[in-house]
There are 2 protein chains.
Amino acid sequence: MLTMRSTRSRGAEPEDLTTRARIRDAAVLRFGREGFGTSLRVIAADAGVSAGLVIHHFGTKEKLRQACDTHILEEIKHAKYENLVESTGGRFLEYFATAEQFAPIFAYVLRSLQHGGPLARSFVDHMVDDAVEYMADGVAAGVIVPSRDERARARYLVLSSLGSGLLSITLDPPEDPSDLAALMRRHFDAITLPALEMYTEGVLTTRRMLDEYLSYVGDPPAAREERTAG
Amino acid sequence: MLTMRSTRSRGAEPEDLTTRARIRDAAVLRFGREGFGTSLRVIAADAGVSAGLVIHHFGTKEKLRQACDTHILEEIKHAKYENLVESTGGRFLEYFATAEQFAPIFAYVLRSLQHGGPLARSFVDHMVDDAVEYMADGVAAGVIVPSRDERARARYLVLSSLGSGLLSITLDPPEDPSDLAALMRRHFDAITLPALEMYTEGVLTTRRMLDEYLSYVGDPPAAREERTAG
DNA sequence: CAGCATTCTATACACGCGTTCAGCGCTGGC
DNA sequence: GCCAGCGCTGAACGCGTGTATAGAATGCTG
C-alpha cells in the first residue's frame, strides 16, 4: 500500500525518479526559495538537464508551474492523510510550517500565497474547510464558543493566521532558505501569547460594538451599499 | 516665472509637478497596480517622457523605487497629521484602505508588503507604534482588556489585520485596480462579524491553554527576552 | 540487424529588459 | 557673439529570458 517514495530533502540524489519528476522537484525547490521569477535555465541546471528538455517535457514555463501546483496539492493531501489529522488538531499550520520534512512544500505554498493563483486559493479553501470542521468539534465539545457565522469565523482565522505568518516572513526573509522553519517557529513564539490571550480573554471589555453591529445588520439599510456579485 | 536652479534639497519637495515628480508619481501608480516588475519604458510612457530620462533623473530603477518609497512615507505621515489621528481611532487601516483619496498610496503599500523591503518594514513598525498607543488609550479608558505584553499584542493585531487583508486581495485580485477600495471594503465586511465576536467573546471557553502556556514560559513581561528593536 | 520513437543537448531566434550615449533645443551668463 | 549647462530624445548595447528546431544519443520493437 504505502509504496510511495517520499521526495527526500536535498542530499541524496534522486536517481530513481524519472527525469520529468526530477525537473518538477527542482522547480518546486527553486520556486519556493526564490519565487516564480526563477529562470528555466537555473531549474534545468539544478535538475542536471538542458533548458530545452524542460520545455520538451512541460511545454511551457506556465505549464511547469501548473504541474508543480498539482503535485504540491497531492503532497499536501497525502501528508494530511499520513499523520496530521489524528494528532495536531487545530494546529495544523504550526506543525506543517515547522516540520522539517515539509519545508519545500511549505516554502512553495508560501510563495503561492504571496503571488496568488489557483493553488493559493485552493490551499486556503481547504484550510478553511478543515478549520470549520475543527471548530465544530470544539464547539460540540464545549471548549470553543459558537459563532453566529461559523464559516466566516473559520475563514477569518485562517486568513489571519496565514496572512500574519506570510507577512512576518516577507518582512524579514531568511538568508538561508532552510531557516524557514526556524523563522516560522520564531513567529509562532512571538504571537502565541497575544493569540492565546485574545482567544480566552478577548480584547474588548464591553459588548457595545458587537451589539451595535448586530443591530445594524439586523436592520440592514441595504440600499446604501450595493452588494454585487455576492 | 521659470524654475530657478533646481534645488536638490531633500525633505522639502516642491509641490508643483516637475518632470521628476511626474515620473515618480507614474512609477508609484504602476508599481502599485502591477508590482515592481513594471518596466521603465511603461512608466516613462505614462509620464510622457522617454525611458532614458527616467534613468537620467533617478540613475537606476532601484533608486527610482527608493524615491517612491520615501515619497510614500512622507505622504503617509502627511495624511496622518492631516485628518486621521483625530477621528478614526483604531480603525486607521480601514479608513486608509477604503478612502478613495489614498487609493494609489494604499496600493503601493500593499505591493510593498507583498514584496518586502524597507518601506514595508517601516510601515508595519509605524502601525505597531500607533496600535500600541491606541490600545494603551483603550486600556486606560477601560474599554480594552490589558495584555501581559502590550507591544506583542499590538504587533500581533497589526500583522493579522494587514496580513489577512493582503492575503484576501492576493487571492482575489481586482481586475480594475481602481476597485481596490471596493475589494477592501468587501474584505472588511466579511471579517467584521467574526472579528467583533472574537474581540468581545473570545474563542475559547476555558482558560486552560492560556494558563498552561503561562506556567510553561513563566512570567513573560518584556524583560525576559530582549528583542532587538532595530 | 534495421527501423523507429523517445529522450536529451546544443544552438539559435526573437524579444524585452535596464542602461548608455551622442546629440538636440533651449536658456542664462560672460 | 559664444560657451556651458540642463532637460530631454532616440537609437543602440549587452544581457537574459522563454521558446523553437535540428540533430545526436539511447533504447525498444520488429
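Here is how names work: the chains are called A, B, and so on, in the same order as the sequence lines, proteins then strands, and each is numbered from 1. Computed from a prediction, not measured in an experiment: that's the story for all the values here.
Contacts between residues 33-46 of chain B and DNA chain C, defined by a heavy-atom separation below 4.0 Å, involve B:Thr38, B:Ser39, B:Leu40, B:Arg41, listed by number. The stretch residues 54-67 of chain B touches DNA chain D through B:His56, B:His57, each having a heavy atom within less than 4.0 Å of the strand.
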### Message
Using side-chain hydrogen bond (donor to acceptor under 3.5 Å, both in side chains), reason through B:His71 and B:Arg24 one step at a time and then give a plain yes or no.
### Response
CA-CA 9 Å; B:His71 176 247; B:Arg24 193 229 304 118; 3.2 Å; yes
### Task
Tell me, with the steps shown, if B:Asp149 and B:Arg151 meet side chain to side chain contact (heavy atoms under 4.5 Å, CB included).
CA-CA 6 Å; B:Asp149 186 339; B:Arg151 185 149 201 96; 4.0 Å; yes
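In this structure, B:Ser161 and B:Met127 have side chains that are not in contact, with every pair of non-hydrogen atoms separated by 4.5 Å or more. Counting heavy atoms from C-beta on, the side chains of A:Glu150 and A:Arg153 come closer than 4.5 Å. Looking at B:Val203 and A:Met198, their side chains never come closer than 4.5 Å, going by heavy atoms from C-beta outward.
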Please table the atom pairs, donor to acceptor, closer than 3.5 Å between any side-chain atom in residues 105-113 of chain A and protein atoms at least two apart or in another chain.
residue, atom, partner, partner atom, Å
A:Tyr108, OH, A:Arg65, O, 3.4
A:Tyr108, OH, A:Asp69, OD1, 2.5
A:Arg111, NE, A:Gly32, O, 3.1
A:Arg111, NH1, A:Gln114, OE1, 2.9
A:Arg111, NH2, A:Arg33, O, 2.9
A:Ser112, OG, A:Tyr108, O, 3.2

Show the distances under 3.5 angstrom between N or O atoms of the protein and N or O atoms of nucleotides 25-27 of chain D.
none

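Note on the helix from C:dC1-D:dG30 to C:dG28-D:dC3: terminal axis deviation equals 20°, with five pairs used at each end and the result rounded to 10°.
Atom-to-atom, CZ of B:Arg20 to P of D:dC8 comes out at 12 Å; the value is rounded to the nearest Å. In this structure, A:Leu53 atom CG and C:dT11 atom C1' are separated by 15 Å, rounded to whole Å.
No more than 12 heavy-atom neighbours from other residues, nucleotides or ligands sit within 6.0 angstrom of NE2 on B:His126.
B:Glu133 is linked by a side chain to side chain donor-acceptor pair (under 3.5 Å) to nothing, counting only residues two or more places apart in sequence or in another chain.
Of all non-hydrogen atoms in A:Lys61 and A:Phe36, the two that sit nearest each other are NZ-O, 3.2 Å. Residues A:Ala44 and A:Val54 approach most closely at CB-CG2, 3.8 Å, considering heavy atoms.
Ring planes of A:Phe96 and A:Phe102: tilted class, angle from 30 to 60°.
With respect to B:Asp46, the salt bridge (charged side-chain N to carboxylate O under 4.0 Å, His left out) criterion is satisfied by exactly one of B:Arg30, B:Arg41, B:Arg22: B:Arg30.
In this structure, SG on B:Cys68 lies 7.0 Å from CD1 on B:Ile43, to the nearest 0.5 angstrom.
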